[in-house]
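First the structure, in the form of structure tokens, and then the observations on it.
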Amino acid sequence: MIHYASDFYPEGVGMAERLLHRYAPQLRLWQMDVAAYHKSNPVKPIDKERLKKLECMEHTTLLPLVKEMKRMKKAGYQEALVKDMIQDIKNK
């Protein structure tokens, strides 16, 4: 099983999509949903050019996250999720 986590910016979500297309049965996105996005405290604006990268995202797993990122137009960073990630590891 491959676990993938990224910062919440278009390039990180784009990598998640590429990995899902390539390794879908063996890939688990980790802390990459709308709830985690909100917990990441998205405050850094994403410029229009970078937001355009979200337009071509089509994997159904990512669509709710992509929709919310387009609505908020802000990047979030996984450093804000470290405590949740540590708890995930402890619960395994």
Side-chain angles (χ1 to χ4, degrees):
M1 180 66 67
I2 301 168
H3 292 77
Y4 178 75
S6 173
D7 290 322
F8 295 96
Y9 56 87
E11 296 80 7
V13 178
M15 177 60 75
E17 181 167 71
R18 288 188 296 279
L19 290 170
L20 281 167
H21 284 300
R22 190 168 191 173
Y23 302 107
Q26 300 89 18
L27 183 75
R28 178 178 172 239
L29 295 180
W30 185 25
Q31 297 286 338
M32 289 204 64
D33 58 14
V34 173
Y37 173 61
H38 286 286
K39 284 183 180 179
S40 75
N41 191 28
V43 294
K44 185 172 182 187
I46 302 172
D47 66 49
K48 289 179 184 180
E49 186 174 317
R50 290 177 73 205
L51 278 170
K52 286 180 188 176
K53 294 177 183 180
L54 295 174
E55 295 298 324
C56 63
M57 309 264 173
E58 57 188 30
H59 199 283
T60 55
T61 303
L62 293 169
L63 288 180
L65 172 61
V66 167
K67 181 179 178 181
E68 185 65 0
M69 289 177 67
K70 288 181 350 186
R71 184 185 75 78
M72 291 188 64
K73 301 177 181 159
K74 306 249 189 247
Y77 297 95
Q78 61 185 342
E79 289 84 354
L81 304 173
V82 169
K83 288 181 183 179
D84 290 340
M85 292 174 142
I86 290 170
Q87 192 61 47
D88 286 349
I89 292 167
K90 286 181 178 180
N91 291 338
K92 292 286 175 188

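The two residues Leu51 and Met69 make their nearest non-hydrogen contact at CD2-O, 4.2 Å. Shortest non-hydrogen contact noted between Leu29 and Ala16 is CD2-CB, 3.9 Å. Nearest heavy atoms, Val13 versus Leu65: CG2-CD2, 4.2 Å. Contact between Gly76 and Ser40 at its shortest, heavy atoms only, is CA-OG, 3.3 Å. In terms of heavy atoms, Ala36 sits closest to Leu81 at O-CD2, 3.6 Å. Of all heavy-atom pairs spanning Gly12 and Ser6, the tightest one is CA-OG, 3.1 Å.
Remark: His38 engages Glu68 in a side chain to side chain donor-acceptor pair (under 3.5 Å) (not counting sequence neighbours). In this structure Tyr37 satisfies the ring pair (Phe, Tyr, Trp, His ring centres under 6.0 Å) test together with Phe8, sequence neighbours excluded. Shown here are the side chain to side chain contact (heavy atoms under 4.5 Å, CB included) partners of Asp47, two or more places apart in sequence or in another chain: Glu49, Arg50.
The CD atom of Gln87 sits 6.0 Å away from atom NZ of Lys90, with the distance rounded to the nearest 0.5 Å. Atom CD of residue Gln26 and atom NE2 of residue His3 lie 12.5 Å apart, to the nearest 0.5 angstrom.
Grouping Ile, Leu, Val, Met, Phe, Trp and Tyr residues whose side-chain heavy atoms lie under 4.5 Å apart, directly or via other members, leaves Leu63 alone, with no other cluster members.
Side-chain atoms of Ile46 and Pro10, non-hydrogen and from C-beta on, do get closer than 4.5 Å to each other. Side-chain contact between Tyr4 and Arg28: absent, with no pair of heavy atoms (C-beta onward) separated by less than 4.5 Å.
When hydrophobic clusters are built by joining Ile, Leu, Val, Met, Phe, Trp and Tyr residues whose side-chain heavy atoms come closer than 4.5 Å, directly or via intermediates, Tyr9 is not grouped with Val66.
Open room surrounds NZ on Lys73; 12 or fewer heavy atoms of other groups in view lie less than 6.0 Å from it.
For residues 52-61, the set of pairs meeting the side chain to side chain donor-acceptor pair (under 3.5 Å) definition, not counting sequence neighbours, comprises Glu11-Lys53, His59-Thr61. Screening residues 75-86 for side chain to side chain donor-acceptor pair (under 3.5 Å) gives Lys39-Asp84 as the qualifying pairs, with residues at least two apart or on separate chains.
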